[in-house]
Amino acid sequence: MTTMTETSARFREFKMPDVGEGLTEAEILKWFVQPGDTVTDGQVVCEVETAKAAVELPIPFDGVVHELRFPEGTTVDVGQVIIAIDVAPGSGDAPVPAPAAAPVQEPVEAAGSGDGDAPKGRTPVLVGYGVAESSTKRRPRKGASAAPEAAAVAAAVQAELNGHAAPATAAPAPSVPAQAGAQDGGRPLAKPPVRKLAKDLGIDLATVVPTGKDGIITREDVHAAAAPAVAPGAAPVPPAPAPVTAEAPAAAVPASARETRIPVKGVRKAIAQAMVGSAFTAPHVTEFVTVDVTRTMKLVAELKEDKDMAGVRVNPLLIIAKALLVAIKRNPEVNAAWDEANQEIVQKHYVNLGIAAATPRGLIVPNIKDAHDKTLPQLAASLGELVTTARDGKTSPAAMAGGTVTITNVGVFGVDTGTPILNPGESAILAVGAIKLQPWVHKGKVKPRQVTTLALSFDHRLVDGELGSKVLADVAAILEQPKRLITWA
């Protein structure tokens, strides 16, 4: 679908594209530009949330922003014009009339304004038109230098590194020596999650010495800058977990309020629709097994010390994931999907292993592509990347498409087990409960052992009780005797 139109020789319009698989709408989360800003082909101009993920949108042509048609927080149908660009600024053409829309609030920019062109940079693009050299020019603020308007612009960092505007009440940044992480006349280079971390820790990014590639400030740099602030003898501040995404602060709820109404949209709306469709379309059956995983926990401890696993995260979920992949190899019929339209069972000869991840936007299920072909170190690396990307709110729609079977780890919440609902289009989902030290009969004696409960839900239209039981029993057997990862592989 075309996402831009020509309204005259001077003005061009950019429409909301379909950034997913047949999505019909998206919510505008954040504008990175304002009317009067200069943009270049490939520059990210806004972030939108679809029913699957938050996605950044690049503009496909050069020019000056003429008008933003919708404010942040607006849900826009695919195909509607969201921004108008003046591709021939300074010409005499009349402005293009635009539909009435709520005003877009002008964000307050970080300190740093001056003349000159912004440094060139490569703008990462999640959707659309490739990667392009880009720069951004800003209009001079009121009260700034009296230089000609066309020249008095601020050099800004690449769109992905822009982050969020400083709050209106923020004091000007103190004068500090220029760091490698700051562009001339601009603000330091850092990704949005790093900016939020610095804000939470009270760290001025202008004072942080960057160690990342191309002078980008990393999370470690922020923590290092925060470390000296700890009083002698006091416990150091632990690293904060990576935020899933930059969320607007929740509105204060009056103490007298008896209820709060939250609009259902975006990812949460898609989750609700998918779960209802799955629960009332596929006949679910759930089976349970409690298993002694003491040997698996010993294997995890040994792998953490193994030099071949250096640099990757090793945890019980890694062994459980590998056990499920081996069980699917032994029982391939479980890795299938029901095609209602054609009345066919679609057997998959590959495994895209989904890992359910809870985020502030709701539950998402990105998957590891071709997980069946990965070695244990490769699977560990893929799991780590998947979790980090989900926490940073950067999971793309493509990463959540095409899953064949899913694992949901409810044990991280201290829950023993559950009856998971199938991810739409899949035939099985494995729930992993908390691993606890419990009395267990081992070699004829009651001993304390590491025990967990597994639950496998499956689509009874194509997975009967025997097949489902075999898969669950195989996973349990591997976790009880991890050497079966070798003998059964």
Side-chain angles (χ1 to χ4, degrees), residues 3-17 26-48 56-76 80-118 123 128-129 132 134-168 185-187:
T3 58
M4 55 184 173
T5 57
E6 294 192 26
T7 56
S8 71
R10 176 175 174 181
F11 294 94
R12 302 181 77 177
E13 297 176 332
F14 180 68
K15 297 179 180 180
M16 177 68 75
E27 177 186 354
I28 298 175
L29 295 179
K30 179 69 178 178
W31 283 109
F32 296 118
V33 296
Q34 291 295 313
D37 290 349
T38 299
V39 295
T40 57
D41 185 357
Q43 178 180 333
V44 173
V45 295
C46 68
E47 181 183 25
V48 302
E56 294 176 329
L57 299 182
I59 200 74
F61 35 77
D62 301 337
V64 175
V65 177
H66 173 63
E67 184 177 20
L68 307 182
R69 296 290 176 87
F70 297 95
E72 295 173 359
T74 304
T75 298
V76 181
Q80 284 190 278
V81 175
I82 60 174
I83 184 173
I85 302 296
D86 184 349
V87 296
S91 64
D93 294 352
V96 176
V104 178
Q105 185 176 1
E106 177 83 357
V108 179
E109 296 178 0
S113 177
D115 297 338
D117 294 333
T123 303
Y129 311 94
S134 66
S135 63
T136 302
K137 296 182 180 180
R138 297 283 186 182
R139 293 175 298 165
R141 319 303 292 176
K142 292 183 179 180
S145 171
E149 181 177 358
V153 295
V157 295
Q158 294 96 323
E160 183 185 11
L161 305 178
N162 270 345
H164 291 278
R187 55 178 174 173

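The model shown is predicted, which means the values in this text are computed figures rather than measured ones.
Closest approach of V81 to R69, counting heavy atoms only: O-CB, 3.5 Å. Minimum interatomic distance between P71 and I28 (heavy atoms only, all atoms of both residues): O-CB, 4.2 Å. Contact detail for P58 and G42: the closest heavy-atom pair is CB-O, 3.5 Å.
Counting only heavy atoms from C-beta outward, the side chains of D41 and F61 never approach each other to under 4.5 Å. The side-chain heavy atoms of I83 and W31, taken from C-beta on, include a pair separated by under 4.5 Å. Inter-residue side-chain proximity for V65 and I85 is flagged as met; some heavy-atom pair is nearer than 4.5 Å.
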Check the pair V76, F70 against side-chain contact (heavy atoms from CB on, under 4.5 Å), reporting the backbone distance first and the verdict last.
CA-CA 8 Å; V76 181; F70 297 95; 3.8 Å; yes

Could you walk me through whether T74 and E27 pass the side-chain contact (heavy atoms from CB on, under 4.5 Å) check?
CA-CA 5 Å; T74 304; E27 177 186 354; over 6 Å; no

Test side-chain contact (heavy atoms from CB on, under 4.5 Å) applied to L57 and M16, step by step:
CA-CA 9 Å; L57 299 182; M16 177 68 75; 4.1 Å; yes

Could you walk me through whether V64 and D37 pass side-chain contact (heavy atoms from CB on, under 4.5 Å), step by step?
CA-CA 6 Å; V64 175; D37 290 349; over 6 Å; no

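Electrostatic pairing of E13 and K15 does not count as a salt bridge here, judged by no charged N lying under 4.0 Å from a carboxylate O.
One finds the CG atom of L29 at 5.0 Å from the CD atom of E47 (value rounded to the nearest 0.5 Å). Taken to the nearest 0.5 Å, the OG1 atom of T38 stands 9.0 Å off from the CD atom of Q43. A distance of 5.5 Å separates CD1 of I82 from CZ of F14, quoted to the nearest 0.5 Å.
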